[in-house]
Protein chains: 2
Amino acid sequence: MATISDVAEKTGLSKATVSRVINNHPYISKEKRELVYKAMEELGYQPNPSARRLRGQLTNTIGVIVPRIVNPFFSYLVDAMEQVAYENNYQVLMFQSDEKKDKELYFLNLLKTKQVDGLIMTSIENDREVIESYTEYGPILFCNEYKSRSDLPVVRVDQAEAAYLGTKHLLDRGYRKIAYCTGGLFVEDGKDKDRNVGFQKALNDYNINVNTGWVFVNKHTIEDGKHVMKQIAEMRERPDAIFTGSDEIAAGVLMEAKALGMKIPEDLAVIGFDDQPIAEMIDPALTTIRQPIKEMGTESVGMLLRLLKNHPLEQKHQELSVELVVRSST
Amino acid sequence: MATISDVAEKTGLSKATVSRVINNHPYISKEKRELVYKAMEELGYQPNPSARRLRGQLTNTIGVIVPRIVNPFFSYLVDAMEQVAYENNYQVLMFQSDEKKDKELYFLNLLKTKQVDGLIMTSIENDREVIESYTEYGPILFCNEYKSRSDLPVVRVDQAEAAYLGTKHLLDRGYRKIAYCTGGLFVEDGKDKDRNVGFQKALNDYNINVNTGWVFVNKHTIEDGKHVMKQIAEMRERPDAIFTGSDEIAAGVLMEAKALGMKIPEDLAVIGFDDQPIAEMIDPALTTIRQPIKEMGTESVGMLLRLLKNHPLEQKHQELSVELVVRSST
DNA sequence: TTGTAAGCGTTATCAG
DNA sequence: CTGATAACGCTTACAA
């Protein structure tokens with residue numbers, strides 16, 4: 001593989017000069033500059049990123065950690081980030097943490113060892129202190145998830161408002177017995193907490209208390225949704241609506257309801273979360289809360305790039321708004 | 001950040017010895033070995049991969065190029081690869097080529113510059129010669145896509161058989177006027193070609209000629225599917241069934257059909273491809289051809305790891321079988 | 001069993 | 001404007 005020395009030799013110049021050309025330094029004669037370009041072209045020369053990194057260079061690469069790439073919310077989010085990064089001449093490396101602490105640590109180490117210039121975390125497994133300790137090596141930004149006591153930059157949607165909006169919608173439609181799914185496991189922190197707050201607030205507006213028998217925790221998948229529906233079907237006193245917390249769960253609920261011969265929304269109104277492609281395709285089409293995925297991606301990458309250029313951030317916390325998408329399931 | 005020198009200093013040993021410990025060389029006294037481990041622990045030392053790479057080391061990282069991560073087929077495929085790689089102590093870097101030659105080249109260069117030890121390509125944008133020239137720097141393996149005249153290792157499903165199976169199913173059900181979608185643009189090569197062959201073969205079995213007015217090329221998305229359905233609806237002589245080539249397109253067809261008040265499968269039978277999650281969720285549930293995604297991922301990573309260890313490959317071409325999943329759309 | 005020293009490909013510093 | 005040189009962190013002959 002051609003190295004900078006090869007280019008230097010071929011042009012009769014020094015490595016230093018070649019390096020300057022590569023890095024667009026000023027004060028180089030036009031002829032030599034072009035000479036170098038020509039030689040680079042002919043040799044198929046590509047700078048070796050490892051060597052550059054060793055010298056402490058930036059890599060024009062940012063890393064994005066997602067919990068599960070098969071979750072469309074995250075694949076679309078990464079996709080949006082990729083677009084913006086590409087326009088700014090940055091590459092995106094995607095990592096799947098699988099919700100495992102050790103994998104997440106591995107990726108944080110990529111920052112430590114300068115494999116990536118900065119990191120966007122769309123999920124958080126390790127403790128706040130652990131993650132913050134890595135900011136020494138490059139900027140880290142939370143997108144979607146966050147830790148409330150951390151002062152790392154965050155791009156997120158107002159989850160409390162989102163949950164409030166969705167629950168309010170159900171209440172406005174006349175449903176009063178509302179079940180609730182959450183992905184979190186009684187977390188004290190982060191977005192699940194916020195959603196709980198919004199849910200409660202909406203119920204409060206209507207002077208309704210939460211029925212803890214209708215609260216399902218640690219739910220994520222389509223299978224979980226089916227299971228929830230089964231449980232509900234067996235209840236003596238059933239809810240008349242359910243806030244599912246994700247379109248996957250909602251889809252599972254819908255499918256199982258269909259299998260059980262129940263009518264949506266007559267027997268049970270269902271509201272999803274995310275507005276994923278399936279929301280529109282499933283029957284009945286899902287009422288859901290649309291997260292501004294594109295905007296989240298754009299905003300995160302934008303902020304991270306500003307951070308990388310040491311530009312000051314106008315605000316460390318970007319809070320985006322959600323939108324209620326009413327379809328046929330409520 | 002702690003370096004090997006720090007560890008050496010702290011232990012009073014030389015860098016060389018520390019390096020030997022890190023790399024599990026034999027002939028090191030137990031005491032020193034433990035001394036080094038202790039110091040590494042205390043300093044939070046992590047070897048710098050850039051330095052290692054510069055020395056020509058392996059990185060225990062493999063790269064996977066996908067065209068579009070938002071396509072569930074690919075996100076599930078990468079996910080499957082990730083599992084196996086992780087079990088073998090390898091990390092997976094995911095890249096989205098966006099079906100662009102230049103992006104793909106960027107990723108190929110990661111191999112050239114030893115950022116990844118090997119590469120799995122699930123899509124191919126550049127010419128065969130270009131890609132093969134990169135095998136000089138590390139093993140490359142095709143998964144899903146392939147170039148027929150290339151002798152790079154391939155893991156794929158028998159697309160001809162798959163298309164044959166699907167088309168045969170339609171014919172067996174009594175449909176005779178079969179429309180056909182393909183992602184390829186009259187390609188001479190790769191999987192689209194194979195599918196065309198399978199499609200034709202099935203029709204031949206029934207002595208039916210392809211109606212070119214019912215062939216749609218370069219179709220990929222849900223939107224494409226809707227568009228196809230619109231076109232069909234406007235035809236004077238309509239097909240009675242359609243082989244869509246992907247569940248996305250099939251979903252689009254179904255949605256548009258519903259919008260137009262058409263009955264599936266009575267007015268038009270629809271068969272998808274991939275058996276993605278939506279296939280089961282959409283109404284009517286989609287008859288489709290299941291690709292062995294998990295197996296493809298497992299097999300690809302397994303082959304690549306063998307290649308990386310210079311183990312001989314029993315066979316360079318793994319061909320996996322598909323399965324027809326009959327639901328309600330045909 | 002351990003240490004010394006060279007070198008991987010870059011770029012920054014300093015000197016012209 | 002250009003060139004020599006050191007340094008980044010690591011591994012590996014070679015020597016001891």
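As a basis for the values below, the full set of heavy atoms in this structure was taken, side chains included, without hydrogen atoms, waters or symmetry mates. Every chain is numbered from 1, with letters handed out A, B, ... down the list of sequences.
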Reported [atom1]-to-[atom2] distance for the pair [X] and [Y], which is rounded to 0.5 angstrom:
| X | Y | atom1 | atom2 | answer |
| --- | --- | --- | --- | --- |
| B:Asn144 | B:Ile124 | CG | CD1 | 9.0 Å |
| B:Thr135 | B:Leu111 | OG1 | CG | 8.5 Å |
| A:Thr298 | A:Gln318 | OG1 | CD | 11.5 Å |

Cation-pi between A:Lys103 and B:Tyr86: NZ/CZ under 6.0 Å from ring centre and within 45° of the ring axis? yes
Measure all distances between protein nitrogen or oxygen atoms and nitrogen or oxygen atoms of nucleotides 14-16 of chain D, and list the pairs falling under 3.5 Å.
none

Just by distance, do the side chain of [X] and the backbone of [Y] share a donor-acceptor pair under 3.5 Å?
| X | Y | answer |
| --- | --- | --- |
| B:Asn88 | B:Tyr90 | no |
| B:Asn48 | B:Ala51 | yes |
| A:Glu104 | A:Glu125 | yes |

I'd like a table of atom pairs between the protein and nucleotides 6-10 of chain D - only N or O on both sides, under 3.5 Å - with the distance next to each one.
from: D:dA7; atom 1: N3; to: A:Arg55; atom 2: NH1; distance (Å): 3.2
from: D:dG9; atom 1: N2; to: B:Ala51; atom 2: O; distance (Å): 3.4
from: D:dC10; atom 1: OP1; to: B:Tyr45; atom 2: OH; distance (Å): 2.5
from: D:dC10; atom 1: OP1; to: B:Asn48; atom 2: N; distance (Å): 3.0
from: D:dC10; atom 1: OP2; to: B:Ile4; atom 2: N; distance (Å): 2.3
from: D:dC10; atom 1: N4; to: B:Lys15; atom 2: NZ; distance (Å): 2.9

Under 4.0 Å from any heavy atom of chain B: name the first and the last nucleotide of DNA chain C that qualifies, 5' to 3'. C:dT1 to C:dG9
Please determine if [X] and [Y] form a salt bridge, counting it only when a charged side-chain N lies under 4.0 Å from a carboxylate O.
| X | Y | result |
| --- | --- | --- |
| B:Lys30 | B:Glu34 | no |
| A:Asp98 | A:Lys100 | yes |
| A:Glu314 | A:Arg306 | yes |

Could you go through the side-chain hydrogen bond (donor to acceptor under 3.5 Å, both in side chains) check for A:Gln115 and A:Thr59 one step at a time? CA-CA 7 Å; A:Gln115 317 245 60; A:Thr59 61; over 6 Å; no
Is there a side-chain hydrogen bond (donor to acceptor under 3.5 Å, both in side chains) between B:Thr122 and B:Glu145 once you walk through the steps? CA-CA 6 Å; B:Thr122 68; B:Glu145 268 294 1; over 6 Å; no
Quick one, which residues of residues 35-43 of chain B touch DNA chain D with a heavy atom under 4.0 Å?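 Going residue by residue through residues 35-43 of chain B, none turns out to have a heavy atom under 4.0 Å of DNA chain D.
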Starting at NE2 of B:His25 and ending at P of D:dT11, how long is that distance when rounded to a whole Å? 8 Å
Pair B:Glu99-B:Ser123, side-chain donor/acceptor within less than 3.5 Å: no
Under the side-chain hydrogen bond (donor to acceptor under 3.5 Å, both in side chains) test, residues paired with A:Gln83 that sit two or more places apart: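 With sequence neighbours excluded, A:Gln83 shows a side-chain hydrogen bond (donor to acceptor under 3.5 Å, both in side chains) to A:Asp79, given in chain and number order.
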Most 5' of A:Ala16 and B:Ile28 on DNA chain C, judged by nearest nucleotide: B:Ile28
Rounding to 10°, can you tell me the angle the first-five-pair axis of the helix from C:dT1-D:dA16 to C:dG16-D:dC1 makes with its last-five-pair axis? 40°
Identify which one of A:Val64, A:Val66, A:Ile65, A:Ile293 satisfies the side-chain contact (heavy atoms from CB on, under 4.5 Å) criterion when paired with A:Phe74. A:Val66
